[in-house]
Novice: 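Let me begin by handing over the structure; questions about it come next.
Worth saying up front: this structure is predicted, and the values here are computed from it rather than measured.
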Amino acid sequence: MPVSIMRCFWTLVILLLFLASSGCKKEIDPDYRVPPPLFEPLPITLGVYYGDAFRDARLTNGSSAGLDFVILVGRANISLHDQLLSDMFLETVPLESRFAPPKGATRLDAIIEPEISAFSYDWDVNSGDASVDIIYSYTMSAPDGERLVQWTVRGYGYSREGIGIIGALDNGIQIAMRDAAARLVVTVHEDPAIRRCRERFPVTSDTRWNIQECFAE
């Protein structure tokens, strides 16, 4: 088939998908996998708490093209952070609430709670390009509830892949989440308190940090 005809064909497909999507909500449920960090896991036992809003996140944001999609990121959030945090820290323990003792009475050094602070997307109906912004915040607290530190990272995804807005957005969301994950790894390891602890107590198989002392200085 001649190139000009192929271009016309795909342009028509994109426009038809756009028209079919206009004025109604469509759901996108991205899947996500993250490569392991290149840093050694930090030697602490970390309790991980996912709030209901994070676990069941359904994000919406009307784009400049007048489209309204529901982005089901709850499942992807859990999949991403279960893997990411277990790679970043020596041991992670899931918590049912911020103050619930872990199963098996495991001693916790700290507790972390991820949240989505902001989310937006856009899709260019002419080019078919999608862009996605997502901002995560991470609050690390002592087991008694005292806040130690809060990290904020922004993930950005831009995609031309996929047919129509659903394919482009799905890919853009995954790129944005991957970007946020990489930025979290760098942000944590470049935190001044973490760097001081790593210099004073180099990470080895026998190292255990008192993370509260790291952030007390």
Novice: List the steps, then state whether side chain to side chain contact (heavy atoms under 4.5 Å, CB included) holds for Met140 with Ile211.
Specialist: CA-CA 10 Å; Met140 179 179 282; Ile211 196 68; 4.2 Å; yes
Novice: Does Glu213 reach the side chain of Cys197, with side-chain heavy atoms less than 4.5 Å apart?
Specialist: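 Not touching, per the 4.5 Å side-chain cut-off.
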Novice: Output the distance between atom CD (Glu146) and atom CZ (Phe215), rounded to the nearest 0.5 Å.
Specialist: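 The CD atom of Glu146 sits 11.5 Å away from the CZ atom of Phe215.
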Novice: Can you tell me how far the CD1 atom of Ile175 sits from the CE atom of Met177, to the nearest 0.5 Å?
Specialist: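 Here the rounded value is 12.5 Å.
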Novice: Can you see whether Ser137 engages Ser117 through a side-chain donor-acceptor pair at a distance of less than 3.5 angstrom?
Specialist: yes
Novice: Could you pull out the closest heavy-atom pair between Leu108 and Gly47, with the gap in Å?
Specialist: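 Smallest interatomic distance, heavy atoms only, reads CD2-N, 3.7 Å.
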Novice: Applying side-chain contact (heavy atoms from CB on, under 4.5 Å) between Pro43 and each of Val203, Asp109, Thr204, report the one that passes.
Specialist: Val203
Novice: Determine the minimum heavy-atom distance between Gly172 and Ser159, stating which atoms define it.
Specialist: N-CB, 3.7 Å
Novice: I want to check something: taking the side chain as every heavy atom from C-beta on, are Val48 and Pro94 in contact at a cut-off of under 4.5 Å?
Specialist: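 Val48 vs Pro94: side chains apart.
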Novice: Does the side chain of Ile116 reach to within under 4.5 Å of the side chain of Ile134, using non-hydrogen atoms?
Specialist: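 Contact flag for Ile116/Ile134 side chains = yes.
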Novice: Are side-chain N/O atoms of Arg208 and Thr45 paired as donor and acceptor at under 3.5 Å?
Specialist: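 Their side chains do contain a donor-acceptor pair, which is all the 3.5 Å distance test asks for.
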Novice: Measure the acute angle between the ring planes of Tyr138 and His81, then classify it against the limits of 30° and 60° as parallel, tilted or perpendicular.
Specialist: tilted
Novice: So how far is it from Leu42 CG to Asp87 CG, rounded to the nearest 0.5 Å?
Specialist: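 Output value for this atom pair is 12.0 Å.
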Novice: Hey, could you give me the OH/CG distance between Tyr121 and Asp133, rounded to the nearest 0.5 Å?
Specialist: 13.5 Å
Novice: Using side chain to side chain contact (heavy atoms under 4.5 Å, CB included), reason through Ser131 and Asp122 one step at a time and then give a plain yes or no.
Specialist: CA-CA 5 Å; Ser131 59; Asp122 201 2; 3.7 Å; yes
Novice: Apply side chain to side chain contact (heavy atoms under 4.5 Å, CB included) to the pair Tyr50 and Leu95, showing each step before the final yes or no.
Specialist: CA-CA 8 Å; Tyr50 302 130; Leu95 300 179; over 6 Å; no
Novice: Val185 versus Met88: any side-chain heavy-atom pair under 4.5 Å?
Specialist: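 They are in side-chain contact.
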Novice: Tell me whether Val149 shares a hydrophobic cluster with Leu84, the cluster being built from Ile, Leu, Val, Met, Phe, Trp, Tyr side chains joined at under 4.5 Å.
Specialist: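 Same cluster: Val149 reaches Leu84 through Ile, Leu, Val, Met, Phe, Trp or Tyr contacts under 4.5 Å.
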Novice: May I ask you to decide if Arg75's main-chain N or O and Ser79's side chain share a donor-acceptor pair within less than 3.5 Å?
Specialist: no
Novice: Within the structure provided, determine whether Pro114 and Phe54 are in side-chain contact (heavy-atom separation under 4.5 Å).
Specialist: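 Yes. Closest side-chain heavy atoms under 4.5 Å.
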Novice: Are Leu148 and Ser141 side-chain neighbours, meaning at least one heavy-atom pair lies under 4.5 Å?
Specialist: no
Novice: Donor-acceptor pair, Arg154 side chain versus Ala180 backbone, under 3.5 Å?
Specialist: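 Flag not set: sc Arg154 to bb Ala180 has no pair under 3.5 Å.
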Novice: Side chains of Asp129 and Tyr158, heavy atoms from C-beta outward: is any pair under 4.5 Å?
Specialist: yes
Novice: Under the side chain to side chain contact (heavy atoms under 4.5 Å, CB included) criterion, do Ile112 and Tyr49 qualify, and how do the steps go?
Specialist: CA-CA 6 Å; Ile112 196 166; Tyr49 172 68; over 6 Å; no
Novice: When rounded to the nearest 0.5 angstrom, what distance separates OH in Tyr136 from CG in Leu80?
Specialist: 5.5 Å
Novice: Within the side chain of Asn77, is there an N or O that forms a donor-acceptor pair under 3.5 Å with the backbone of Arg55?
Specialist: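 No, the answer is negative, given that no donor and acceptor are paired below the 3.5 Å cut-off.
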Novice: Regarding Arg198 and His189, is there a side-chain donor-to-acceptor distance under 3.5 Å anywhere?
Specialist: yes
Novice: Between Asp179 and Arg183, is the closest basic N to carboxylate O distance under 4.0 Å?
Specialist: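 The answer is yes: the pair qualifies as a salt bridge.
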Novice: What's the shortest heavy-atom distance between Gly157 and Ala176, and which atoms?
Specialist: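 Taking Gly157 first and Ala176 second, the nearest heavy atoms are N-CB, 3.6 Å.
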Novice: Determine whether Phe201 and Leu46 fall in the same hydrophobic cluster, where Ile, Leu, Val, Met, Phe, Trp and Tyr are linked whenever their side-chain heavy atoms lie under 4.5 Å apart.
Specialist: yes
Novice: Under a 3.5 Å threshold, yes or no: a donor from one side chain and an acceptor from the other, between Gln150 and Thr139?
Specialist: yes
Novice: When you measure from the side chain of Trp151 to the backbone of Val188, do you find a donor-acceptor pair of N or O atoms at a distance under 3.5 Å?
Specialist: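 Checked: no pair found.
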Novice: With the side chain counted from C-beta on, respond yes when Val132 and Leu169 share a heavy-atom pair under 4.5 Å apart, and no when they do not.
Specialist: yes
Novice: Measuring from atom CD of Gln83 to atom OG1 of Thr92, what distance do you get when rounded to the nearest 0.5 angstrom?
Specialist: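 Going from the CD atom of Gln83 to the OG1 atom of Thr92 covers 11.5 Å.
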Novice: Of all the heavy-atom pairs spanning Arg195 and Glu190, show the shortest one and how long it is.
Specialist: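 Shortest heavy-atom separation between Arg195 and Glu190 comes out as CD-O, 3.4 Å.
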